Amino acid sequence: MEEELGKPVAERILPPTEQEVLNEEDVKIKKYLRGEGANLEVLKDKKLKGQLSVIEDLYGKSAKAAAKVEKWLMPSEGGYLEAEGLEKTWRIRQETISHEVDILSRRNQHDIILPALGPYSLDYTLNGRYMAIAGRKGHLALVDMKDLNLIKEFQVKETVRDVVFLHNELFFAAAQKKYPYIYNRDGTELHCLKEHGSVLRLQFLKNHFLLASINKFGQLHYQDVTTGSMAGVFRTGLGRTDVMQVNPFNGVIATGHSGGSVVMWKPTSSSPLVKMLCHQGPVSALAFHPNGHLMATSGCERKIKLWDLRKFEVLQTLPGHAKTLDFSQKGLLACGTGSHVQILGDLAGSQNYTRYMSHSMVKGYQIGKILFRPYEDVLGIGHSMGWSSILIPGSGEPNFDTWVANPFETSKQRREKEVRSLLDKLPPETIALNPSKIGTVMAVKKKEKKTKKEREAEEESAIDAAKNITMKKKTKGRNKPTKREKKKREIIDKSKKPFLQEQIKEEEELSRKRPRSSEEVELPKSLQRFARKKTAT
């Protein structure tokens, strides 16, 4: 026993559970190591050998530290549905999933039926804790999804087309019949945004604090919610549309139109950044991947296309129609049409989306909007008879960063985050197709110097062109030969002028670069009396 205690941990015989823990740690450490260690026994230089051994030790320590951080700060691992044998994942029903999951996850499966006030639209906060719902007949409500408690509900007694949260759950905007309105969580009306007009779709740019809307006349509005000023008002010129989505990577707004084109906008330019023809018929829905490089579009010709926004090329074309699309945090794509929802997944990571899950609702329900809930394996569905929530394993990010989004944040943490996000607010000018270019140094191309022969040839050709200019015949007294000759000389001198200026500039640069001799250097007045006087010849 004493001999075993003297041995290192790796050589001791440990119980199976402890051995498993050690094996897991080794796997995680290997993940963070920078390849295999260098063979230092071959080196003869003792100094170099010592320096490299210290560096190798540091690499090992940093890998262990990273493995420990992963163990404590990233305790959960995402998982997907796995089928056995001939079983298919898209045939697994929600009832089967509910029998296998824990009680807390089972609470996320529900159907709220309100047939008199639908169809419903919905939105989640960034941390996924709160949900805002809007019925077309004027019903607005705020729900705490953690406890499934109704915070506030009220009736605005007019049409509500869309709802969106602002920077946190304290404020949300609703697109009503004539104008969009901003409410607080108590249901108090704070602002009426009359400049926007009759809005069909709303989006909020979280990093720029901009509320974007598109109205029934095809006008795009950007309003800064911190100062209340309008950041941009543009006419799309492509007609009425209710298909609008913001790219989370760069803040660019994309709108889908009846001609089959998707147009991308930024608030500082009235002309579009990109205009791409995506479908042969009207665009019915579009969505962006969280990484911002992948876009999904759906057209009325019953095709769903996946686009690579770095090359603006089609990656994949899938059969089917979708009235609404949405990407999850882990890259699953939800397509909703009629009373059917289909989930597509790129489980292999090869940019090839295949069928992952499907869910059919009660016949007759018309799906209006689908949205994945952040940090949860949940898909929210707004339809003509209310709203529903279903479980989609592997859709949500399993580990949340409290500095980015905290589902369990207190009121004090919320206030601190609000101040911090206001200090980090980005100006509208930073919205661009490639935001990584901001802050980089633009390379200036050096002008290639022309050789003497090339310069002379250019000068001669310019003089010849000036000589061959045909003079206009003018009225009597203004068409004398002397005047014509004088005019020709002026034209020739004018053609020579740029070449002479270039020559003078080059001579000045050479004189600046040429080092002065000691005689040419003028001493200051205080030291001139010590200089050697030139002997008179």
Side-chain angles (χ1 to χ4, degrees), residues 80-83 86-94 119 241-245 247 254-263 274-328 330-372 379-384 388 390 392-395:
Y80 297 99
L81 278 179
E82 291 182 6
L86 296 172
E87 195 178 21
K88 304 294 182 185
T89 53
W90 64 81
R91 288 179 182 160
I92 299 171
R93 298 169 67 84
Q94 288 294 312
T241 181
D242 62 348
V243 180
M244 184 174 77
Q245 201 67 34
N247 190 333
T255 55
H257 297 275
S258 57
S261 60
V262 171
V263 188
V274 176
K275 191 175 180 182
M276 50 195 292
L277 185 66
C278 296
H279 295 274
Q280 292 176 350
V283 177
S284 58
L286 65 90
F288 288 100
H289 194 280
N291 64 15
H293 302 315
L294 193 67
M295 179 178 74
T297 60
S298 171
C300 289
E301 79 276 21
R302 302 189 67 82
K303 282 182 183 177
I304 296 168
K305 293 184 180 181
L306 294 166
W307 299 82
D308 186 351
L309 294 179
R310 289 166 292 188
K311 298 178 182 178
F312 296 103
E313 290 179 356
V314 181
L315 288 175
Q316 193 178 358
T317 304
L318 299 160
H321 176 64
K323 191 184 177 184
T324 172
L325 293 168
D326 190 44
F327 274 103
S328 76
K330 300 300 281 184
L332 297 180
L333 176 62
C335 317
T337 180
S339 58
H340 186 72
V341 179
Q342 192 173 24
I343 316 297
L344 306 172
D346 176 25
L347 307 183
S350 58
Q351 300 287 350
N352 185 27
Y353 276 76
T354 53
R355 193 159 45 154
Y356 173 57
M357 284 185 72
S358 61
H359 175 69
S360 293
M361 308 197 71
V362 178
K363 197 173 181 182
Y365 285 16
Q366 294 297 309
I367 293 168
K369 188 174 182 181
I370 54 175
L371 201 64
F372 281 102
L379 178 67
I381 305 167
H383 49 81
S384 57
S388 304
I390 60 172
I392 308 294
S395 63

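The model shown is predicted, which means the values in this text are computed figures rather than measured ones. No hydrogens, no waters, no symmetry mates; every other heavy atom, side chains included, goes into these values.
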K.L.:
How long is the straight-line distance from CE of M295 back to CG of L325, given to the nearest 0.5 Å?
P.N.:
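Between atom CG of L325 and atom CE of M295 there are 10.5 Å.
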K.L.:
Side chains of K323 and I367: closer than 4.5 Å at any heavy-atom pair?
P.N.:
no
K.L.:
Of all heavy-atom pairs between Q245 and A287, which one has the smallest distance, and what is that distance?
P.N.:
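Closest heavy-atom pair between Q245 and A287: CG-CA, 4.3 Å.
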K.L.:
What distance do F327 atom CZ and L344 atom CG have between them, rounded to the nearest 0.5 Å?
P.N.:
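Nearest 0.5 Å value for the CZ-CG distance: 9.0 Å.
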K.L.:
State, with a plain yes or no, whether a side-chain heavy atom of F288 is found less than 4.5 Å away from one of L309.
P.N.:
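Yes - at least one pair of side-chain heavy atoms lies under 4.5 Å apart.
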K.L.:
Assess whether side chain to side chain contact (heavy atoms under 4.5 Å, CB included) is satisfied between V314 and W307, documenting all intermediate values.
P.N.:
CA-CA 5 Å; V314 181; W307 299 82; 3.3 Å; yes
K.L.:
Roughly how far, to the nearest 0.5 Å, is the NE2 atom of H340 from the OG atom of S360?
P.N.:
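It comes to 5.0 Å.
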K.L.:
Kindly say whether A83 contributes a backbone atom to a donor-acceptor pair with the side chain of T89 at under 3.5 angstrom?
P.N.:
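Here the side-chain-to-backbone pair does not exist.
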K.L.:
Looking at side-chain heavy atoms only, is the closest gap between M357 and P393 below 4.5 Å?
P.N.:
yes
K.L.:
State, to 0.1 Å, how close A296 and L306 come at their nearest heavy-atom pair, and which atoms those are.
P.N.:
CB-CD2, 3.7 Å
K.L.:
Can you tell me if S284 uses its side chain to pair, donor with acceptor, with the backbone of A322 under 3.5 Å?
P.N.:
yes
K.L.:
Taking H289 for its side chain and N291 for its backbone only, find out whether a donor-acceptor pair lies under 3.5 Å.
P.N.:
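Yes, the answer is positive, given that a donor and an acceptor are paired below the 3.5 Å cut-off.
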K.L.:
Quick one: are P119 and Q366 in side-chain contact, heavy atoms under 4.5 Å?
P.N.:
no
K.L.:
Does D308 use its side chain to pair, donor to acceptor, with the backbone of L315 at less than 3.5 Å?
P.N.:
no
K.L.:
Check for a donor-acceptor pair, side chain of T241 on one end and backbone N or O of H257 on the other, with a separation under 3.5 Å.
P.N.:
no
K.L.:
According to side chain to side chain donor-acceptor pair (under 3.5 Å), does anything in residues 345-354 pair up with another residue at least two apart or in another chain? List the pairs.
P.N.:
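Qualifying pairs: Q316-N352.
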K.L.:
Can you list the residues that meet the ring-ring contact (aromatic ring centres under 6.0 Å, His included) rule with H279, with sequence neighbours excluded?
P.N.:
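Residues passing ring-ring contact (aromatic ring centres under 6.0 Å, His included) with H279: none at all.
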K.L.:
Which heavy-atom pair separates S395 from S328 by the least distance, and what is that distance?
P.N.:
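Shortest heavy-atom contact: O-OG, 3.1 Å.
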K.L.:
Does Q94 CD have over 12 foreign heavy atoms under 6.0 Å away?
P.N.:
yes
K.L.:
Measuring only between side-chain heavy atoms, which start at C-beta, is I304 closer than 4.5 Å to C335?
P.N.:
yes
K.L.:
Determine the minimum heavy-atom distance between C278 and K305, stating which atoms define it.
P.N.:
O-NZ, 3.0 Å
K.L.:
Please confirm whether the backbone N or O of L333 pairs with a side-chain atom of Y356, one donor and one acceptor, at under 3.5 Å?
P.N.:
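It does not hold such a pair.
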K.L.:
If you compare all heavy atoms of S261 against all heavy atoms of K275, which two are closest, and at what distance to 0.1 Å?
P.N.:
OG-CE, 4.5 Å
K.L.:
How far does NE2 of H359 sit from CD1 of I381, to the nearest 0.5 angstrom?
P.N.:
5.0 Å
K.L.:
CD/E301 to NE2/H321 distance, rounded to the nearest 0.5 angstrom?
P.N.:
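Answer rounded to 0.5 Å: 10.0 Å.
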K.L.:
What distance separates M244 CE from L286 CG, expressed to the nearest 0.5 Å?
P.N.:
10.0 Å
